[in-house]
*Asks:* 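Before I ask anything, here is the structure I am working with.
Whatever order the structure lists them in is the order used to number ligands and atoms, beginning at 1.
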Amino acid sequence: MNLQSLESIAKALVADGKGILAADETVGTLTKRFEKLGISSTAESRRDYRELLLTTPGAADFISGVIMYDETIHQRGSSGMPLPDVLLKQGIIPGIKVDTGAKPLAGCDKETVTEGLDGLRDRLQEYRAIGARFAKWRAVIRIANQLPSQTCVNVNAHALGRYAALCQEQGIVPIIEPEVLMEGTHAIDRCGEVTGNVLHAVFDALYEQKVSLEGMLLKPNMVVSGSACPMQASVTEVASATLRCLQLNVPAAVPGVVFLSGGQSDTAATVHLDAINKMAGARPWKISFSFGRALQDLALATWLGSKENCRAAQQAYYHRAKCNSAATIGKYSAALENEFTDETARGHRSDCEDD
Ligand code: 13P
């Protein structure tokens with residue numbers, strides 16, 4: 001493992017004003033999102049959608065890396081160029097999701113453990129050979145009355161440690177994603193308590209498994225109220241609870257924290273990220289984004305599977321990337337949202353690639 005090159009990749013992913021696009025939905029998840037909007041899901045339509053995002057003119061000003069799914073990283077764009085090369089050409093770093101999903105955890109009702117360690121070394125070698133320089137693994141932790149169990153927290157932390165150590169051995173930066181779900185009626189304090197416990201267990205596992213903290217990124221949830229909690233915490237409360245949780249549990253050697261959006265609306269995710277950065281002051285890590293839905297929702301709902309809507313969909317994605325870029329340096333304001341209408345009215349700089 002070359003620690004210096006891992007560190008430089010990790011730093012590039014959280015370069016000033018930049019964050020990550022998570023476009024690594026499995027075929028099943030993307031199909032569900034397509035079908036909700038009446039878009040038919042085929043290997044070709046999924047390719048067209050991903051290509052639209054990956055070729056958005058100017059997005060590289062705000063996006064440092066894109067996490068792809070196995071199907072996408074093996075696809076070619078309409079010009080015939082492999083999609084990882086389409087990214088590299090723009091200076092965007094290709095990434096890959098390497099877990100194989102959250103499966104029921106034996107002995108722990110309603111809880112899951114994320115699988116995908118078998119054969120992982122070989123898969124990482126193959127992905128690296130086709131351009132991937134970072135990889136993601138998502139563990140899922142659910143809050144309910146008696147949940148999460150410490151068993152669930154520990155087995156998921158252990159798996160994250162094993163995946164991260166294998167990634168670094170293969171010269172790939174691990175993006176370590178322990179997601180505490182928003183679903184539930186719990187208050188923000190409970191989310192903070194569980195997230196803190198999970199991060200503690202994860203960093204214990206990383207230490208035990210000799211993972212270099214300088215050569216990784218952490219992708220946590222923000223500390224928020226449960227989505228069905230009647231008392232929703234304010235933006236300031238979210239920012240201060242999230243920062244406190246990070247300060248207590250994330251070692252200073254970690255170069256960056258890149259949040260998931262977790263089902264927050266796109267603007268709520270941006271507003272929270274901005275408030276966290278405005279409040280953060282001097283802190284050891286960069287604080288940025290690795291959003292999926294919060295970057296893509298409007299773009300997908302605009303595209304609707306039609307080539308004619310490609311340009312408008314790219315504008316929607318570009319706009320959210322720009323707003324989130326501003327939020328990574330605490331410079332977002334509601335006025336930026338209005339620029340979207342102006343940008344749209346002026347038209348975008350270039351069309352989608354032709355088929
Ligand atoms: P969301 O931002 O939609 O939560 O997705 C991020 C992600 O990568 C989930 O694994």
*Asks:* Is the backbone N or O of V27 less than 3.5 Å from a side-chain atom of R46, with the two atoms forming a donor-acceptor pair by type?
*Replies:* no
*Asks:* Answer side chain, backbone, both or neither: which part of S261 comes under 4.0 Å from ligand 1, heavy atoms only.
*Replies:* both
*Asks:* If you count the atoms of ligand 1 from 1 in the order shown, which ones are under 4.0 Å from a heavy atom of G262?
*Replies:* 1 (P), 2 (O), 4 (O)
*Asks:* Taking N or O atoms only and a 3.5 Å limit, does A22 qualify as a polar contact for ligand 1?
*Replies:* no
*Asks:* Looking only at non-hydrogen atoms, which of E179, R138, K219 approaches atom 7 (C) of ligand 1 most closely?
*Replies:* K219
*Asks:* Could you name the option among E177, R293, Q264, K97 that has the heavy atom nearest to atom 9 (C) of ligand 1?
*Replies:* E177
*Asks:* Report the nearest protein non-hydrogen atom to atom 10 (O) of ligand 1: residue, atom name, distance rounded to 0.1 Å.
*Replies:* K136 NZ, 2.5 Å
*Asks:* Please enumerate all residues that pass side-chain contact (heavy atoms from CB on, under 4.5 Å) together with A165, with sequence neighbours excluded.
*Replies:* V211
*Asks:* Are the charged groups of K210 and E169 less than 4.0 angstrom apart, N to O?
*Replies:* no
*Asks:* Examine ligand 1 and decide if any of its atoms is less than 4.0 Å from a heavy atom belonging to Q296.
*Replies:* no
*Asks:* Could you tell me, atom by atom, which parts of ligand 1 come under 4.0 Å of a heavy atom of F291?
*Replies:* 2 (O)
*Asks:* Within the supplied structure, the quantity of interest is the number of heavy atoms (other residues, nucleotides, ligands) at a distance under 6.0 Å from K11 NZ; does it exceed 12?
*Replies:* no
*Asks:* Using ring centroids (six-membered ring only for Trp), state whether Y317 and W303 fall under 6.0 Å.
*Replies:* no
*Asks:* Checking the N or O distance criterion of under 3.5 Å, is ligand 1 in contact with G292?
*Replies:* yes
*Asks:* Could you tell me whether K89 and D85 have a side-chain N and a carboxylate O separated by less than 4.0 Å?
*Replies:* no
*Asks:* Would you say A294 contacts ligand 1, with heavy atoms under 4.0 Å as the rule?
*Replies:* no
*Asks:* Using a strict 4.0 Å threshold on nitrogen-to-oxygen distance, state whether D99 and K97 make a salt bridge.
*Replies:* yes
